[in-house]
Chemist: 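Pasting in a structure now, in structure tokens, and then I'll have a few things to ask.
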Amino acid sequence: MAEVKKEKKATNEESVKLFVGQVPKHMTEAQVLAMFEEFALVDEVNIIKDKATRASRGCCFVICPSREEADKAVSACHNKKTLPGASSPLQVKYADGELERLEHKLFVGMLPKNVSEDDVSALFSKYGTIKDLQILRGSQQTSKGCAFLKYETKEQALEALEALNGKYNMEGSSVPLVVKWADTEKERQARRAQKVQSQASNMPNADSPHPSLFGALPMGYIPPYNGYGYQAPGSYGHMQYRLRPMQNQPAFNNMIPSVNQGNSLRGITPDLASSISPRNYAVPPTSYVGSAYPPVSGLQYPMAYPGGIMGHRPLTGSPGSVPQANASSNSSSSSPVGANSGGQIEGPPGANLFIYHIPQEFGDQELANAFQGFGRVLSAKVFVDKATGVSKCFGFVSYDSPEDAQNAINMMNGFQLGGKKLKVQLKRDNKQNKPY
DNA sequence: TCATATT
């Protein structure tokens with residue numbers, strides 16, 4: 001009764017948890033275990049699964065009985081083999097926080113500014129062997145009054161913590177030391193993300209148009225007439241220059257019934273309409289005008305934008321029907337792109353693009369919008385810094401046909417969007433020669 | 001400047 005129920009596998013202080021990525025989703029824990037046991041002792045394998053669907057997320061944890069065994073698994077497998085079905089080699093590394101857990105790292109605060117490493121070392125050595133010690137210093141090497149300190153074992157660190165935290169004043173100090181476990185990387189990331197978030201919400205005009213978007217557009221550009229869409233000049237009356245899609249607004253790209261388009265003719269100035277009317281265009285029959293609609297939710301572009309408005313190729317045979325990826329199903333809940341902007345869906349070889357110099361404020365949806373004029377966008381992914389959420393300004397767009405991708409390259413490579421010209425190329429392929 | 005993911 002006083003017995004504490006043990007986990008069925010004893011994962012003790014010495015155990016090391018490894019994170020393994022690029023595990024094909026169909027693999028079982030037993031299969032992963034069998035593979036790793038060839039190289040190291042393994043206590044346990046846990047496939048990481050989607051909370052809702054229970055489907056594998058393509059990665060797992062592997063628990064080894066010691067650091068030595070874990071290191072064997074890492075050096076034998078990390079980037080060393082590509083499992084059948086995976087797109088890149090196995091990733092094997094210490095799980096988040098695992099290295100820190102093994103470091104036994106303490107934060108020491110309230111140090112007098114004039115104490116040296118030796119002073120700190122002299123005090124803390126009483127509790128164990130110090131593996132690493134640094135006092136944080138400013139630009140002039142002036143102490144910031146705190147330090148990080150690693151012990152050989154957790155017991156030693158804990159002993160120091162309990163003996164000194166809030167209880168010991170260093171010489172000349174009127175306040176006791178603060179000794180606590182150092183923040184983990186995860187905690188620091190969370191803090192940083194929090195900070196970014198609060199800064200972003202204080203940004204003035206967060207929703208305003210991209211300042212350089214208009215000026216950057218090549219207004220003289222004449223898109224190829226594809227026999228399909230024609231944008232009535234009046235439709236500019238309801239362009240929205242939001243950079244972020246509005247929350248809780250159904251994605252209406254490609255789905256506005258033509259009967260609604262009359263609304264778009266309201267509220268425009270005739271002068272503006274005629275000044276931007278496409279004199280040089282092969283103007284399609286007016287019966288097609290009814291099929292003009294805002295091609296995207298969120299960010300939209302003036303007519304001269306190569307991929308927008310004019311750019312849809314017919315996906316179905318009949319003129320005037322609404323081109324959309326999922327024409328046969330699904331009425332309103334999701335846009336074709338929105339559902340697939342996670343980045344995991346790749347098109348056939350030659351249909352996947354790598355894009356650089358994406359404007360900072362573009363997310364997956366904005367990227368998809370910018371490229372959806374050339375074909376069916378299977379997925380669009382802008383990469384963001386894991387810690388800060390800030391765009392890395394590059395990403396991927398996948399089409400279902402190489403011709404669409406090539407067309408997008410022709411039209412969009414060098415296209416100025418924001419302050420810079422896009423670089424649009426075929427994605428490098430690391431999946432060429434797969435093992436059997 | 002070329003692919004994530006952390007029960």
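Lettering of chains follows the sequences in order, A, B, ..., and the numbering in each one begins at 1.
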Chemist: Atom CZ of A/R54 to atom P of B/dT7: distance rounded to whole Å?
Modeler: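 To the nearest whole Å, that distance equals 13 Å.
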Chemist: Just by distance, do the side chain of A/E98 and the backbone of A/K17 share a donor-acceptor pair under 3.5 Å?
Modeler: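 Pair found, side chain donor or acceptor close to backbone of A/K17.
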Chemist: By the 4.0 Å heavy-atom rule, please label A/K93 as base, sugar-phosphate, or nothing.
Modeler: base
Chemist: Identify, residue by residue, the members of residues 65-73 of chain A with a heavy atom below 4.0 Å from DNA chain B, and return them in order of residue number, or none.
Modeler: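 Output list: empty, so none.
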Chemist: I need the CZ-C1' distance between A/F394 and B/dT1, as an integer number of Å.
Modeler: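 Atom-to-atom, A/F394 to B/dT1, this comes out as 7 Å.
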Chemist: Could you give the side-chain donor-acceptor pairs of residues 135-149 of chain A under 3.5 Å, partners two or more places apart or in another chain?
Modeler:
residue: A/R137; atom: NH1; partner: A/Q141; partner atom: O; Å: 3.2
residue: A/R137; atom: NH2; partner: A/E117; partner atom: OE1; Å: 2.8
residue: A/S143; atom: OG; partner: A/G145; partner atom: N; Å: 2.8

Chemist: Counting the atoms with a prime plus P, OP1 and OP2 as sugar-phosphate, which does A/K423 contact under 4.0 Å by heavy atoms, base, sugar-phosphate, or nothing?
Modeler: base
Chemist: For A/F396 and B/dA3, is the gap between ring centres under 5.5 Å while the planes differ by less than 30°?
Modeler: yes
Chemist: Using modelled atom types and a 3.5 Å cut-off, is there a donor and acceptor pairing between side-chain atoms of A/Q360 and backbone atoms of A/S391?
Modeler: yes
Chemist: Report the nucleotide, chosen from B/dC2, B/dT6, B/dT4, that has the shortest atom-to-atom distance to any side-chain atom of A/Q425.
Modeler: B/dC2
Chemist: Answer yes or no: does a side-chain N or O of A/R57 lie under 4.0 Å from OP1 or OP2 of B/dT7?
Modeler: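 Checking A/R57 against B/dT7: no side-chain N or O falls below 4.0 Å of OP1 or OP2.
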Chemist: Under 3.5 Å, which donor-acceptor pairs link side chains of residues 73-80 of chain A to any protein atom two or more places apart or in another chain?
Modeler:
residue: A/S75; atom: OG; partner: A/D71; partner atom: O; Å: 2.9
residue: A/S75; atom: OG; partner: A/K72; partner atom: O; Å: 3.4
residue: A/H78; atom: ND1; partner: A/V92; partner atom: N; Å: 2.9
residue: A/H78; atom: ND1; partner: A/V92; partner atom: O; Å: 3.3
residue: A/N79; atom: OD1; partner: A/Q91; partner atom: NE2; Å: 2.9
residue: A/K80; atom: NZ; partner: A/S75; partner atom: O; Å: 3.1

Chemist: Within this structure, what is the CG-to-P distance between A/D50 and B/dT4, rounded to whole angstrom?
Modeler: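 Distance check: A/D50 CG to B/dT4 P gives 19 Å.
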Chemist: Classify the angle between the aromatic ring planes of A/Y356 and A/F394 as parallel (below 30°), tilted (30 to 60°) or perpendicular (above 60°).
Modeler: tilted
Chemist: A/K17 has a side chain; which of B/dT7, B/dT6, B/dT1 sits nearest to it?
Modeler: B/dT7
Chemist: Would you kindly give the CG-to-P distance between A/L378 and B/dA3, to the nearest whole Å?
Modeler: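 So the CG-P distance, A/L378 to B/dA3, works out to 19 Å.
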Chemist: Give a yes or no on whether a donor-acceptor pair under 3.5 Å exists between the nucleobase atoms of B/dT1, that is its base, and the side chain of A/K427.
Modeler: no
Chemist: Figure out the CG/P separation between A/N79 and B/dT4, and round it to whole Å.
Modeler: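 Distance check: A/N79 CG to B/dT4 P gives 10 Å.
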Chemist: Let me know which of A/Q156, A/H104, A/E103 forms a side-chain hydrogen bond (donor to acceptor under 3.5 Å, both in side chains) with A/K150.
Modeler: A/E103
Chemist: What's the closest nucleotide to the A/I48 side chain, out of B/dT7, B/dC2, B/dA3?
Modeler: B/dT7
Chemist: Let me know the distance between OH of A/Y356 and P of B/dT1, rounded to the nearest Å.
Modeler: 5 Å
Chemist: From C-beta outward on A/Q22, which listed nucleotide comes closest to its side chain: B/dC2, B/dT4, B/dT6?
Modeler: B/dT4
Chemist: Is it the case that the ring center of A/F354 lies less than 6.0 angstrom away from the ring center of A/F396?
Modeler: yes
Chemist: Tell me the interatomic distance from A/L367, atom CG, to B/dT1, atom C1', rounded to whole angstroms.
Modeler: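 To the nearest whole Å, that distance equals 15 Å.
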Chemist: Roughly how many Å is it from CG in A/L18 to C1' in B/dA5, rounded to a whole number?
Modeler: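 These atoms are roughly 15 Å apart.
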